[in-house]
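For reference, the structure discussed in these notes is given below.
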Amino acid sequence: MMSEQQGLSPRYAPAAVEPGIYDRWMASGAFTPAADAPPGAERFVITMPPPNVTGSLHTGHALFVTLEDLMTRYHRMRGADTLWLPGVDHASIAAQFVLDKIIAEEGETRVSLGRDRYLERMWRFMDETRDAIGLQMRRLGASADWTRNLFTMDPTSARAVRTAFKRLHDAGLVYRGEALVNWCPRCRTTISDLEKVPRDETGTLWQIRYHLAAPDGSPDPARWISIATTRPETLLGDVAVAVHPDDERYRDLVGREAILPFLGRRLPIIADEVVEREFGTGAVKITPAHDADDYETGRRHGLPAISILDEEARINGEGGEFAGLDRYEARALIVERLRAMGDLDGERPHAMVIGHCDRCGTVVEPRLSVQWFVRTAPLAERALASVREGRTKIVPDHFAKVYAHWMENIRDWAVSRQLWWGHRIPAWYCSDEHITISELESGPDACDTCRRPATDLTQETDIFDTWFSSGLWPFSTLGWPDDTADFRRFYPTSVMETGYDIIFFWVARMMMLGLFCTGVEPFHTIYLHGLVRADGGVKMSKTKGNVVDPLEIIDEIGADALRFALTVGTSPGADQRLTMGKLDGARNFTNKLWNAARFVLGAQPELPVAPSGEPTLPERWIRSRLAEATERATRQLDELELSGYAGAIHEFAWSDYCDWYLEAVKVDLRRPAATDGDRARAWATAAETLASLLRLLHPVIPFVTEEIWSALHEASPQATGGEPLLISAAWPLPGARDRSAEADMATLTELVRAVRNLRTESGVAAATWLPLTVVPADDAAHATIEGSVAYLEALARVRPIELRDTGDDRGRPTGVASTPAAAAWAGSDPTADERTAAARSESEAHLRRGIARLRTLLSGEFTERAPAEVVQRERNRLADLEAELRHLVGD
RNA sequence: GGGCGAUUGGCUCAGUCGGUUAGAGCGCACGGUUCACAUCCGUGAGGUCACUGGUUCGAAUCCAGUAUCGCCCACCA
């Protein structure tokens with residue numbers, strides 16, 4: 001029960017309100033959609049990027065959890081049929097990388113354990129880590145449906161993977177073939193182009209003499225062709241030397257042969273336009289098995305491809321005397337030997353781009369091998385059309401161009417990996433190398449081609465690229481390929497939220513696979529957030545020591561403040577800097593909220609009297625402001641302008657509710673002449689407005705708002721609408737604006753500001769009570785001010801107030817607080833005149849400048865060309881300024 | 001080599017179809033023991049909206065170009 005709630009005692013908002021509240025949410029079942037969709041309800045389903053199972057929470061996670069939770073809570077409060085399905089990704093290569101390091105400490109290696117024991121060890125590791133990220137997400141307040149928590153290695157996911165692959169195969173979109181792929185010698189697997197990260201480096205460009213073949217086939221010591229290379233060790237796999245067909249220098253050599261050093265292989269000298277004449281010597285060695293360009297060149301000329309590296313990038317048996325050496329040892333030795341032989345023609349530093357393994361940083365080698373590929377062009381075409389034709393919208397929209405460019409230039413996707421941890425490719429081979437693909441867990445009954453029985457078939461040992469299973473996430477998690485109730489109810493999903501850095505890895509693949517497998521776009525909106533950077537705009541990294549640890553921040557200032565800071569700072573597709581200043585600001589805000597609530601709860605009249613009487617100006621005004629804030633917040637959330645939403649409510653809460661309204665309401669609550677009914681009404685308004693504010697803030701600040709809510713609920717169930725839990729409470733509907741209250745309140749606040757200003761300019765202490773003379777501009781202003789004298793007294797700290805008739809300027813000094821609605825001066829400060837003379841002439845000059853500007857504007861073409869309402873607005877503005885000036889100078 | 005984005009007060013950022021005197025938070029200056037909050041309150045200073053040209057009655061906003069920074073894509077040894 002709520003009895004443990006003792007109001008809101010601490011002076012500062014506590015950081016650690018999470019655990020108890022989170023448990024209450026869990027117990028309420030609020031995270032899980034009702035058994036049946038509420039009839040007629042809208043649907044909101046978020047697709048989240050399942051974090052790597054090995055990871056621990058970093059600011060990137062904190063951001064995505066914050067934004068997705070924000071959206072989820074908002075739509076849930078709107079009454080939508082809402083689902084946020086959480087899970088983790090098995091991250092095959094990343095997980096193996098981590099586990100390899102762990103078992104290394106235990107004195108084991110992947111090889112020493114063997115596949116079965118390695119996988120066993122991996123599953124044990126998973127048991128330890130799988131829940132870690134989920135627990136951390138909960139600390140951030142993630143209101144995900146943990147009853148549906150999934151893992152990409154679950155049997156449901158495995159089945160979806162097999163089925164998708166089988167269907168792709170049946171549709172002719174899968175093939176197996178030899179190709180030059182990116183190979184990481186440390187991870188000992190193929191990696192995709194996306195996993196190869198280019199880095200600028202300075203290498204060496206060597207020039208090496210290849211002697212021409214003499215008529216007897218031996219190297220001619222006097223004649224040679226000099227080639228340029230940055231990777232001398234690959235010469236062991238050379239099969240030709242190429243020059244440009246129009247290169248005069250080498251024209252007579254084309255068709256002859258050169259002799260490969262060390263191995264003595266005869267290399268035809270060929271002509272091909274791929275050769276850049278200006279580069280190096282204009283002659284290039286051709287190594288089809290170890291270079292993408294050369295591979296193509298080799299194919300054009302019908303040349304063989306000779307692999308010289310093994311899977312750990314050591315020279316293999318093709319390398320003659322160099323066999324067994326590491327690639328770099330071989331490089332050094334070959335260079336040294338060539339130099340000794342006098343065949344090294346030169347060496348110089350060379351700026352170049354080298355591909356590294358995204359995971360381990362090792363230099364990637366192009367390697368010839370047999371792999372499984374997905375034919376992506378037909379898939380990409382549909383995925384492209386979906387975005388182009390608006391069935392899926394990308395936020396921010398300029399990423400649609402990035403997406404389109406990639407889709408238009410897409411290359412086939414090498415999906416096989418020579419790793420162990422992951423989904424094994426469901427392909428079986430018979431002794432005749434016939435291929436059978438099966439979606440069954442038990443595999444095929446027989447070879448599709450020759451009907452050999454299952455016992456004669458062996459399964460492919462390669463596994464899938466992690467992103468293949470991630471690409472099925474939006475629907476594999478809902479039971480696909482079965483037509484389940486969840487799938488029918490929650491698919492396609494609404495918003496897919498993730499960082500722009502995985503738009504190709506993940507988003508593009510989900511679009512392609514989603515369209516192929518289910519026939520529809522897997523989500524209608526792609527919301528891309530940016531990176532969270534450290535102060536100074538640099539990437540956070542452990543080595544730089546500038547990492548903001550979300551869990552430490554939560555311990556220190558609470559999850560709410562972290563969430564608020566991240567939300568205010570976010571802009572779709574753009575990076576943000578998370579600074580201590582922002583975090584402090586957010587902490588201050590949650591604290592402000594906390595204290596405002598403490599005040600409201602503490603101000604509750606003790607006698608339970610029914611509210612009565614007419615609402616005062618501040619009451620009417622705050623309701624109107626709330627209506628405006630509600631409207632804005634709702635619109636911004638609907639348009640996914642999340643930062644704008646947070647900013648709007650921040651402003652309403654701090655400026656309107658705390659700075660003006662609560663200060664004014666103190667007057668109402670303490671007014672001696674007020675009835676108990678009046679006080680009850682005034683308090684009820686404060687409490688109800690607070691309740692609405694809590695509803696509006698709950699998506700971004702869930703814990704503190706919930707904590708305050710339960711105290712408020714205990715104090716006044718009327719205020720909370722009888723809802724014990726804020727998470728399940730309804731999102732507020734905007735009430736009616738009250739323009740006259742807003743105008744009257746503006747009259748009051750402007751006057752208060754003007755008086756405060758005057759006080760500061762005059763150097764009168766803020767605490768000093770001043771007598772004030774007020775001369776309203778007209779009867780309406782007179783009425784407004786007359787009704788607001790008590791507020792004016794309290795807010796401007798003036799007493800007594802002499803409210804005169806309009807135009808009664810007797811004894812008017814030079815120091816005057818002037819607003820469009822009134823002029824006011826402090827009655828008894830003898831120094832005021834002199835001390836404010838300067839300020840007065842300054843504001844007079846300011847007014848005159850404004851008037852002159854507007855007169856010029858209104859005398860030009862503007863009045864004819866601009867829309868009538870714009871012209872009218874300027875005319876009104878001019879009239880206001882003129883009136884203001886008349887008051888200031890006293891007509 | 002292509003493409004995308006950014007450039008707004010000392011800092012971090014808003015600025016929604018072009019339309020008041022370009023806003024906010026932090027920082028700064030000055031003043032505050034006003035009974036919710038000094039994690040606070042009040043007042044204020046501070047901006048040629050990177051630059052050049054154009055469109056327009058009117059441009060931070062639209063167009064063209066330039067500069068600087070950042071990111072993405074790309075097979076040149």
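A note on names: the letters A, B, ... follow the listed sequences, proteins ahead of strands, and every chain is numbered from 1.
We find that CZ of A:Arg11 is positioned 11 Å from C1' of B:C35, with the value rounded to whole Å. Taking atom CZ of residue A:Phe279 and atom P of nucleotide B:A77, one finds them 5 Å apart after rounding to whole Å. A straight line from CG of A:Asp659 to P of B:C40 spans 11 Å, rounded to a whole angstrom. Rounded to whole Å, the distance from OH on A:Tyr12 to P on B:U39 is 5 Å. Distance A:Ile708 CD1 to B:C37 P: 15 Å, rounded to the nearest Å. Distance A:Leu601 CG to B:C37 P: 14 Å, rounded to the nearest Å. What separates CG of A:Leu528 from C1' of B:C4 is a distance of 13 Å, to the nearest Å. Per the geometry, CG belonging to A:Asp656 stands 14 Å off C1' belonging to B:A24, to the nearest Å.
Separating the P atom of B:G5 from that of B:G46 is a span of 35 Å, rounded to the nearest Å. Using atom P as the reference point in both B:C35 and B:G42, the two lie 14 Å apart (nearest Å). One P atom belongs to B:G23, the other to B:U66, and the distance between them is 33 Å to the nearest Å. The C1' atoms of B:A77 and B:G70 are separated by 30 Å, rounded to the nearest whole Å. Taking atom P in both B:A60 and B:U7, one finds a spacing of 15 Å when rounded to whole Å. Remark: the separation of the C1' atoms in B:G27 and B:G10 is 7 Å, to the nearest Å. Here, B:G32 and B:U48 have their C1' atoms 37 Å apart, quoted to the whole Å. Separation of the C1' atoms belonging to B:U34 and B:G18 is 46 Å when rounded to the nearest angstrom.
With no hydrogens or angles considered, a side-chain donor-acceptor pair links A:Asp575 and A:Tyr500 at under 3.5 Å. A:Asn546 and A:Asp535 share no donor-acceptor pair across their side chains, judged by distance under 3.5 Å alone. Judged by distance alone, the side chains of A:His301 and A:Glu296 never bring a donor and an acceptor atom under 3.5 Å apart. Side-chain contact, A:Tyr12 with A:Asn595: no donor N or O sits under 3.5 Å from an acceptor N or O.
Residue A:Thr760 places none of its side-chain N or O atoms closer than 4.0 Å to OP1 or OP2 of B:C30. Under 4.0 angstrom from either OP1 or OP2 of B:U34 there lies no side-chain N or O belonging to A:Arg797. Proximity of A:Tyr500 to the phosphate of B:C4: no side-chain N or O atom is located under 4.0 Å from OP1 or OP2. The side chain of A:Asn757 contributes an N or O atom lying less than 4.0 Å from OP1 or OP2 of B:G44. Between A:Arg587 and the phosphate of B:U39, there is no side-chain N or O to OP1/OP2 separation shorter than 4.0 Å. A sub-4.0 Å separation between OP1 or OP2 of B:C13 and a side-chain N or O of A:Arg577 is present. Considering only side-chain N and O atoms, A:Lys539 lies nowhere under 4.0 angstrom from the phosphate OP1 or OP2 of B:C71. Between A:Asn591 and B:C40 there is no side-chain N or O to OP1 or OP2 distance below 4.0 Å. Under 4.0 angstrom from either OP1 or OP2 of B:C35 there lies no side-chain N or O belonging to A:Arg670. Contact annotation: A:Trp654 reaches the phosphate of B:C41 (side-chain N/O to OP1 or OP2, under 4.0 Å).
For A:Phe279 and A:His350, the gap between ring centers is short of 6.0 Å. The aromatic ring centroids of A:Phe589 and A:His650 lie less than 6.0 Å from each other.
Residues from residues 394-409 of chain A with heavy atoms under 4.0 angstrom of RNA chain B, sorted by number: A:His398, A:Lys401, A:His405.
Closest to the A:Phe599 side chain, of the nucleotides B:A77, B:C75, B:A36, is B:A36. Which of B:A14, B:C37, B:A77 sits closest to the side chain of A:Ser571 comes down to B:A14. Comparing B:A77, B:U43, B:C40 by their closest approach to the side chain of A:Lys592 singles out B:C40. Among the nucleotides B:C71, B:A36, B:A77, the one closest to the side chain of A:Lys666 is B:A36. Considering only the side chain of A:Asp293, B:C76 comes nearest among B:A14, B:C76, B:A36. Across B:C75, B:A14, B:A77, the shortest atom-to-atom separation from the side chain of A:His350 is found for B:A77.
Positionally, the nearest nucleotide of RNA chain B for A:Gly581 lies more toward the 5' end than for the other of A:Gly581 and A:Arg598. Each of A:Ala596 and A:His650 has a nearest nucleotide on RNA chain B; the 5'-most of these lies closest to A:His650.
Contacts of A:Val275 with the nucleic acid, taken as non-hydrogen atoms under 4.0 Å apart, include base atoms. Using a 4.0 Å heavy-atom criterion, one finds that A:Ala228 contacts the bases of the nucleic acid, with or without backbone contacts as well. Among the atoms of the strands shown, only primed sugar atoms or phosphate atoms (P, OP1, OP2) are found under 4.0 Å from some heavy atom of A:Arg411. Across all strands, A:Thr229 comes closer than 4.0 Å only to sugar-phosphate atoms, never to a base (heavy-atom distances). At the heavy-atom level, A:Arg753 lies under 4.0 Å from the strands shown only through sugar-phosphate atoms.
Nucleotide B:C35 has no partner under the Watson-Crick or G-U criteria, as no pair reaches both atom distances under 3.5 Å. Remark: B:G23 base-pairs with B:C13; criterion is Watson-Crick or G-U wobble with both hydrogen-bond distances under 3.5 Å. Remark: B:A29 base-pairs with B:U43; criterion is Watson-Crick or G-U wobble with both hydrogen-bond distances under 3.5 Å. For B:U66, the paired base is B:A50 (Watson-Crick or G-U wobble, both distances below 3.5 Å). Of the nucleotides present, B:C73 is the one that pairs with B:G1 by Watson-Crick or G-U wobble criteria, both distances under 3.5 Å.
With salt bridges taken as basic N to acidic carboxylate O contacts below 4.0 Å, none links A:Asp358 and A:Lys196.
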*Start with the C-alpha distance between A:Asp345 and A:Arg209, add both sets of side-chain angles, then the distance that settles salt bridge (charged side-chain N to carboxylate O under 4.0 Å, His left out), and finish with yes or no.*
CA-CA 6 Å; A:Asp345 255 358; A:Arg209 288 179 189 176; 2.7 Å; yes
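At a threshold of 4.5 Å between non-hydrogen side-chain atoms, the residues A:Leu583 and A:Ile557 count as touching. Side-chain contact check for A:Thr230 versus A:Thr204: every heavy-atom pair is 4.5 Å or farther apart.
Remark: side-chain polar atoms of A:Arg300 are not paired, donor with acceptor, to backbone N or O of A:Asp272 under 3.5 angstrom. For A:Arg759 (side chain) and A:Arg797 (main-chain N/O), a donor-acceptor pair under 3.5 Å exists by modelled atom type.
Residue side chain A:Glu663 reaches the base of B:A36 through a donor-acceptor N/O pair under 3.5 Å, judged by distance alone.
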